[in-house]
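Down below is the structure, laid out as structure tokens.
If you read the sequence from its start, that first residue is 1, and numbering goes on from there.
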Amino acid sequence: MAAPRPSSTTSNRRFFGRLSLPERNFVAEALRTETVGGVLLLVAAIAALVWANTSLRDSYAAVGDFHFGPATLGLNLSVRHWAADGLLAVFFFVAGIELKRELVAGDLRDPKAALLPVAAAVCGMAVPALVYALTNAAGEGSLAGWAVPTATDIAFALAVLAVIGTSLPSALRAFLLTLAVVDDLLAILIIAVFFTDTLDFAALGGAVAGLGVFWVLLRKGVRGWYVYVPLALAIWGLMYNSGIHATIAGVAMGLMLRCHRHEGEEHSPGEHVEHLVRPLSAGLAVPLFALFSAGVVVSGGALGDVFTRPETLGVVLGLVVGKSVGVFGGTWLTARFTRASLSDELAWPDVFAVASLAGIGFTVSLLIGELAFAKDPVLTDEVKAAVLVGSLVAAVLATALLKIRNAKYRALCEAEERDEDSDGIPDIYEQDNPAYHLRMAEIHERKAAEHRRLAEVTGGASEENDRPA
């Protein structure tokens, strides 16, 4: 997921206003990487479904169950487990860096600015969990999967935006990205607190000691991937053997990186590492996880069962209804109690459309589904199918809602991108710069002179044509 800057603050009583230029540039760069990663994720998910539902299904199971790794270290894992516990640690490492940057250098350092995305994220996780719980209480199902529909997959959401070609304004994209950062933090807390059954205190102590060494090396300014990569692998292995999900190690290390810039630095160490690792996370780690987690057998009967079994129905309703209502409700309540209003260019239906897009829960939802029903492989696959169905329905709903206002979004994006003086800075950010207005005056004067010249040439040609033969 990417580290955005929310466009809203309560100090000016406006939500989703224009981003600052540095924040806009950061969001644009993050969007490019996440969108490419989201497209790869989408391709991997489709490949997994095709692989698991054709004559090659036996090979899919065989590859996913193939074990390798040092057994003496407790790491003789299947390919599927390496993807879920190993590769996703890279994903959460990047999420940790994003969160740290938000807390120390982004708008989340300001409690007033942080209020909107935090409230939206909290409500966007609480309401889906409540919807799941009520559905299963009514249908006498298992409450173990309450956390499955709580997560948002920002990469998949951005892939949907890329596929449908909507011109969503940067302020709404920034809100969605920030929402996803807080969502990831809450998801990892849920995994750590609710899905840890047993603890090996010796391994946990070793992991904590390794994290301490990691922190000291960072503070001492020690550099070199050959120092940190082996140490990170050791911390990850110890965390895995401790009984706590190994992705926690990734988040912890990401949070330790310095994400504020010292004088003379173009980028902080955290920003530099994130720039290097993000393509690995978005382009390899997450798609491979999807490849070995999304391959569930899909049939007409299986899809029908998704809407009849309380556990799977709860997941679908949680993603489609719970997420959209939760995110929208959290945003509306924040505006209501802070007496803030939306930006003049946007309306509440725009917020609901983005909220429905948050119902695309894929990567982390699949992971939580595996953890919640680890002792019931059949139900695990059914819950995975429910995640796919719910995410698909949410994507279709969001597409329909966003397309209604796409002409308005396109106009806003064109205004954000317009650069008539060709200095690399959008004109909308230079309205208070006298030099900009002088340049524009020169440009307009040149254009006016050119128009006068063309008019004289055209007028002269007309007079010559009007002369008698």
Side-chain angles (χ1 to χ4, degrees), residues 37-69 71 75-88 90-91 141-142 144-145 148-149 151 153 155-156 159-160 163 245-247 282-316 319-320 360-396:
V39 172
L40 292 176
L41 176 63
L42 183 61
V43 171
I46 294 173
L49 289 171
V50 172
W51 194 357
N53 288 275
T54 62
S55 58
L56 300 174
R57 65 175 64 91
D58 292 338
S59 66
Y60 180 78
V63 172
D65 293 334
F66 179 76
H67 282 64
F68 68 96
L75 296 175
N76 184 28
L77 309 178
S78 67
V79 170
R80 188 174 290 107
H81 275 99
W82 277 112
D85 295 89
L87 292 178
L88 280 194
V90 179
F91 166 81
S142 171
V148 176
D153 193 311
F156 220 140
V160 171
V163 170
H245 201 270
T247 52
L284 181 66
V286 175
L288 280 179
F289 167 76
L291 181 63
F292 291 106
S293 293
V296 295
V297 177
V298 177
S299 64
L303 291 177
D305 291 342
V306 166
F307 296 97
T308 57
R309 184 159 184 165
E311 293 87 354
T312 51
L313 180 60
V315 170
V316 173
L319 289 172
V320 177
I360 301 175
F362 189 76
T363 305
V364 181
S365 290
L366 291 176
L367 174 61
I368 295 177
E370 291 181 354
L371 297 174
F373 300 105
K375 297 179 181 179
D376 190 340
V378 174
L379 185 53
T380 297
D381 284 347
E382 291 177 345
V383 167
K384 286 182 179 181
V387 170
L388 296 175
V389 171
S391 297
L392 178 61
V393 174
V396 172

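- Ring planes of Phe68 and Trp82: parallel class, angle under 30° (limits at 30 and 60°).
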Stepwise side-chain contact (heavy atoms from CB on, under 4.5 Å) check, Leu88 with His245: CA-CA 10 Å; Leu88 280 194; His245 201 270; 5.8 Å; no
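- The distance from atom CD of Glu370 to atom CG of Asp381, rounded to the nearest 0.5 Å, is 9.0 Å.
- Separation of atoms CG (Leu291) and CZ (Arg80) is listed at 10.0 Å; rounding is to 0.5 Å.
- Minimum heavy-atom separation, Ala48 to Ala290: CB-O, 3.9 Å.
- Note: Lys384 NZ to Leu49 CG = 11.0 Å, rounded to the nearest 0.5 Å.
- Note: Phe292 and Tyr60 have parallel aromatic rings, judged against thresholds of 30 and 60 degrees for the angle between ring planes.
- Every residue meeting the side chain to side chain contact (heavy atoms under 4.5 Å, CB included) condition with Ala151, not counting sequence neighbours, appears here in chain and number order: Asp183, Val364, Ser365.
- Atoms CG and OG1, from Leu366 and Thr380 in turn, are 11.0 Å apart once rounded to the nearest 0.5 Å.
- Listed by chain and number, the residues in a side chain to side chain contact (heavy atoms under 4.5 Å, CB included) with Val396 are Leu392 (sequence neighbours excluded).
- When every heavy atom of Thr312 is checked against every heavy atom of Ala386, the shortest pair comes out as O-CB, 3.5 Å.
- Nearest heavy atoms, Ala294 versus Phe362: CB-CZ, 3.8 Å.
- Atom CD of Glu382 sits about 8.0 Å away from atom CD of Glu311, to the nearest 0.5 Å.
- Listed here is the closest heavy atom pair of Ala44 and Pro287: CB-O, 3.2 Å.
- Minimum heavy-atom separation, Trp51 to Ser59: NE1-OG, 2.9 Å.
- A pairwise comparison of heavy atoms in Val306 and Ala385 identifies CG2-CB, 4.2 Å as the closest pair.
- Note that OG1 of Thr363 and CG of Leu41 are 4.5 Å apart. Values are rounded to the nearest 0.5 Å.
- A 4.5 Å side-chain heavy-atom check between Leu87 and Leu284 finds every atom pair outside the cut-off.
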Evaluation steps, side-chain contact (heavy atoms from CB on, under 4.5 Å), between Phe91 and Thr247: CA-CA 8 Å; Phe91 166 81; Thr247 52; over 6 Å; no
